[in-house]
Amino acid sequence: MDVYNTVERATVPFEPDTSRPIGIYVCGPTVQSEPHLGHGRSAVAFDVLRRYLMWQGLDVLFVRNITDIEDKIIARAQERGVSTDVVAAEADEAFRRAYDLLGNLAPSIEPRATDHIPEMISMISDLIDSGHAYESSGDVYFSVRSFPAYGILSRHDLDDLRSGERVAVDDKKRDPLDFAMWKAAKPGEPTWDSPWGSGRPGWHIECSAMAAKYLGPSFAIHAGGSDLIFPHHENEIAQAEAANGEQFARYWMHNGMLNLSGEKMAKSTGHLVTLLGSLERWDPIAVRLFYLRTHYRKPLEFSEEALADAEASLARLHSFRRRFPPTIDATADANMITRFSSSMDNDLDVAGALGVLFDLVREGNSRLDAGEDANSLASAFDEIMYVFGLTSADETRTEGPDVREIAAQFGIEEGTIDDLLELREGARRDKDWATSDTLRDALADASIVIEDTPDGARWHRN
RNA sequence: GGCGACGUGGCCGAGUGGCUAGGCAAGGGUCUGCAAAACCCUGGACCCGGGUUCGAUUCCCGGCGUCGCCUCCA
């Protein structure tokens with residue numbers, strides 16, 4: 001498999017150390033407010049990466065952090081007159097629900113910044129001892145000049161970034177580009193004790209410390225949004241490598257931004273579409289498919305049309321799958337699997353792999369229409385759908401819908417969907433189209449769609 | 001100003017130096033009591049100008065346009 005490594009600015013072979021679990025660290029959200037559609041994109045992109053590696057039989061240790069202490073959380077808590085824990089817990093809950101609805105696997109480990117203050121303090125102390133950091137009036141800053149490789153990820157040259165109007169000059173810093181790892185306590189803020197007095201951690205240090213704790217000083221993949229490349233990830237590298245003396249992440253992967261009217265969605269400007277709202281309006285799995293249709297590194301433009309389009313595509317996939325029993329005992333079609341993997345091996349070309357999936361669907365439908373066996377295709381379909389995470393809960397649900405009220409209207413007490421279908425089959429045999437169609441309409445009103453086939457009627461939820 | 005990405009048919013969106021991407025939408029047909037689903041067929045594409053090449057949408061140079069990062073941000 002090849003992946004695009006941001007450090008190299010090139011697609012390179014992915015050669016993980018398979019003697020231990022493949023460590024993936026994804027920068028999770030700052031839980032300051034509810035998620036927007038862009039957050040979902042990032043989560044889905046790297047969930048598919050993880051699923052694909054797992055599907056190949058690799059052992060993956062997937063860590064996604066939760067930043068639960070940070071300037072904006074503090075500001076919001078103060079505005080509302082509640083503690084930062086309340087703000088963080090509310091937003092955390094919203095993120096969790098949204099990620100779950102989108103069909104993402106739960107991370108192996110989900111560390112919170114506030115649970116790792118000692119690890120951060122320890123790393124900061126080491127950096128001070130080794131001359132990479134210094135204390136200044138209760139703050140501790142990382143000295144970018146002490147780390148020659150600074151800028152390796154973002155390809156920034158220190159002298160280009162220098163001072164100017166864009167970087168606030170702060171006389172507590174030796175160099176304007178030095179960044180805070182520890183911030184001295186301010187009134188009304190949550191604080192922790194440290195060797196430099198009470199205060200709280202800066203943003204970047206948490207990821208360096210938590211990644212090292214759970215994945216070791218050197219691990220396979222570090223991922224996140226492309227907006228984190230500078231300064232966040234650049235700073236993470238500086239801290240971690242200066243402290244541990246080893247290469248931090250070997251591969252850096254970044255997803256492209258989700259745009260709204262041509263501009264990036266962002267919390268800070270309120271230029272966004274909320275994620276939970278979208279998941280109510282559109283089928284969550286269709287939202288996932290909307291993300292998947294565009295390569296993860298490219299910008300993705302939000303539009304209602306695109307979401308509706310994704311719903312229609314998803315319906316095609318589902319209606320294909322409904323032509324088979326829930327469990328399929330067949331070897332997956334080798335040709336389709338090969339085509340699928342070669343797309344995926346090309347830096348997760350999911351859009352290309354979706355093309356393969358739809359080819360598979362057409363071929364499978366054709367075979368079924370011709371009365372031939374298509375189980376090997378269905379089996380491949382299931383594998384691919386698993387990797388994409390497009391298998392919806394609804395699809396795997398086995399119990400029938402509650403149609404007792406409708407059944408009662410047709411004179412059947414405590415009737416099931418099967419009873420109704422039987423009734424309708426009888427009416428159709430008698431060419432009683434009025435009853436047959438009334439029944440179908442009644443079920444349609446309850447979001448249950450009936451389709452007649454040569455082998456009898458099928459139903460599914462709309 | 002510095003660093004970087006992108007520009008494909010009505011819409012969305014892969015990919016490739018010469019061989020059908022795919023989805024959605026549109027038109028025509030088959031099947032069906034009707035419907036739905038499905039299958040078949042059709043149209044239409046690679047921002048502009050140079051260059052390399054037998055041949056470029058694909059490589060190189062230039063231009064135009066859009067966007068991201070350089071400040072919190074998935």
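Just so we're on the same page: letters track the sequence lines, and every chain starts at 1.
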Ring geometry between A:Phe14 and A:Tyr251 (parallel below 30°, tilted from 30 to 60°, perpendicular above 60°): perpendicular
Identify each atom pair where a protein N or O and an N or O of nucleotides 10-12 of chain B are less than 3.5 Å apart, giving names and distance.
| residue | atom | partner | partner atom | Å |
| --- | --- | --- | --- | --- |
| B:C12 | O2' | A:Arg293 | NH2 | 3.1 |

All side chain to side chain contact (heavy atoms under 4.5 Å, CB included) counterparts of A:Ala180, not counting sequence neighbours: A:Tyr141, A:Lys183
Qualifying residues under side-chain hydrogen bond (donor to acceptor under 3.5 Å, both in side chains), relative to A:Arg458, sequence neighbours excluded: A:Glu451
Among B:C72, B:G33, B:A74, the nucleotide that comes nearest once only the side chain of A:Ser436 is considered: B:G33
Nucleotide nearest A:His156 when distance is taken to its side chain, options B:G15, B:C69, B:G68: B:C69
Exercise: do A:Asn5 and A:Arg250 side chains pair donor with acceptor under 3.5 Å: no
Bracket string, RNA chain B, 5' to 3' - pairs by Watson-Crick or G-U geometry under 3.5 Å, | interstrand: (((((((..(((.....[...))).(((((.......)))))....(((((..]....))))))))))))....
Polar contact flag, side-chain donor to acceptor under 3.5 angstrom, A:Arg323-A:Asn365: yes
A:Asn346, nearest nucleotide to its side chain (from B:G15, B:C72, B:G33): B:G15
Closest-nucleotide ordering on RNA chain B, the 5'-leading residue of A:Trp433 and A:Glu263: A:Trp433
Atom C1', compared across B:U58 and B:G51: separation rounded to whole Å: 15 Å
Sugar-phosphate only, base, or nothing, as touched by A:Ile229 at under 4.0 Å among non-hydrogen atoms: nothing
Donor-acceptor pair between A:His295 and A:Tyr4 side chains, under 3.5 angstrom: no
Sugar-phosphate, base or nothing in reach of A:Arg76, heavy atoms under 4.0 Å: nothing
Selected nucleotide, minimal atom distance to A:Asp227 side chain, candidates B:A74, B:G22, B:C67: B:A74
Side chain to side chain contact (heavy atoms under 4.5 Å, CB included) partners of A:Ala185, counting only residues at least two apart: A:Thr191, A:Ser198
Sugar-phosphate only, base, or nothing, as touched by A:Asn255 at under 4.0 Å among non-hydrogen atoms: base
Sugar-phosphate only, base, or nothing, as touched by A:Arg323 at under 4.0 Å among non-hydrogen atoms: sugar-phosphate
Spacing of A:Leu307 atom CG relative to B:G13 atom P, expressed in whole Å: 12 Å
Parallel, tilted or perpendicular, as decided by the 30° and 60° cut-offs, for the rings of A:Phe230 and A:His156: perpendicular
Identify all pairs in which a protein N or O lies below 3.5 Å from an N or O of nucleotides 39-44 of chain B, and state each distance.
| residue | atom | partner | partner atom | Å |
| --- | --- | --- | --- | --- |
| B:C39 | OP1 | A:Arg316 | NH2 | 3.3 |
| B:C39 | OP1 | A:Asn365 | ND2 | 3.4 |
| B:C39 | OP2 | A:Arg316 | NH1 | 3.2 |
| B:C39 | O4' | A:Asp369 | OD2 | 3.2 |
| B:C39 | O3' | A:Ser366 | OG | 3.2 |

Residue A:Asp359, side-chain heavy atoms: nucleotide from B:C69, B:A21, B:A74 that is nearest: B:A21
Qualifying residues under side chain to side chain contact (heavy atoms under 4.5 Å, CB included), relative to A:Pro201, sequence neighbours excluded: A:Ile69, A:Ile117, A:Met120, A:Trp182, A:Trp192, A:Ile205
Touch class at under 4.0 angstrom, heavy-atom based, for A:Ile450 against every strand present: base
Spacing of A:His222 atom NE2 and A:Glu236 atom CD [to the nearest 0.5 Å]: 4.0 Å
Sugar-phosphate, base or nothing in reach of A:Lys267, heavy atoms under 4.0 Å: sugar-phosphate
Distance, P atom - from B:C60 to B:U53, rounded to whole angstrom: 16 Å
With A:Glu110 via side chain to side chain contact (heavy atoms under 4.5 Å, CB included) - residues at least two apart: A:Arg64, A:Ile66, A:Arg96, A:Pro107
Euclidean distance for C1', B:G18 against B:C67 (whole angstrom): 33 Å
Nucleotide nearest A:Lys264 (side chain, heavy atoms from C-beta), chosen from B:A37, B:G68, B:C72: B:G68
Distance-only criterion, 3.5 Å: show the donor-acceptor pairs between side-chain atoms of residues 418-427 of chain A and protein atoms not counting sequence neighbours.
| residue | atom | partner | partner atom | Å |
| --- | --- | --- | --- | --- |
| A:Asp419 | OD2 | A:Thr416 | N | 2.9 |
| A:Asp419 | OD2 | A:Thr416 | OG1 | 3.3 |
| A:Arg424 | NE | A:Ser436 | O | 3.0 |
| A:Arg424 | NE | A:Ser436 | OG | 3.3 |
| A:Arg424 | NH1 | A:Asp452 | OD1 | 2.8 |
| A:Arg424 | NH2 | A:Asp452 | OD2 | 3.0 |

All pairs passing side chain to side chain donor-acceptor pair (under 3.5 Å) where residues 261-280 of chain A contributes a residue, at least two apart: A:Asp227-A:Lys264
Close N/O contacts between protein and nucleotides 4-9 of chain B (under 3.5 Å):
| residue | atom | partner | partner atom | Å |
| --- | --- | --- | --- | --- |
| B:G7 | OP1 | A:Lys298 | NZ | 3.3 |

salt_bridge(A:Arg321, A:Asp382) N-O dist < 4.0 Å: yes
Any donor-acceptor N or O pair under 3.5 Å, side chains A:Thr30, A:Glu70: no
Aromatic plane relationship, A:Phe340 with A:Trp55 - under 30° parallel, 30 to 60° tilted, over 60° perpendicular: perpendicular
Nearest-Å distance once atom C1' is located in both B:U42 and B:G33: 30 Å
Side chain of A:Ser319 - closest among B:A38, B:G13, B:C72: B:A38
Pair A:Asp437 + A:Arg440, salt bridge at N-O below 4.0 Å: yes
Span that lies between the P atom of B:A5 and that of B:G62, in whole angstrom: 14 Å
Separation of the C1' atoms in B:A45 and B:C11, to the nearest angstrom: 13 Å
Sorted by number, the residues of residues 29-38 of chain A with heavy-atom contact under 4.0 Å to RNA chain B: A:Pro29, A:Thr30, A:His36, A:Gly38
Gap between atoms CZ and P, on A:Arg458 and B:A35 respectively (whole Å): 17 Å
Flag for A:Ser42-A:Asn255: side-chain donor and acceptor within less than 3.5 Å: yes
Touch class at under 4.0 angstrom, heavy-atom based, for A:Leu258 against every strand present: base
Sugar-phosphate, base or nothing in reach of A:Gly40, heavy atoms under 4.0 Å: nothing
Touch class at under 4.0 angstrom, heavy-atom based, for A:Asp452 against every strand present: base
Rounded C1' spacing from B:A26 to B:C12 in Å: 15 Å
Geometric class of the A:Trp252/A:Phe248 ring pair [parallel <30°, tilted 30-60°, perpendicular >60°]: tilted
Atom C1', compared across B:G17 and B:G13: separation rounded to whole Å: 22 Å
Side chain of A:Phe358 - closest among B:C72, B:G22, B:A36: B:G22
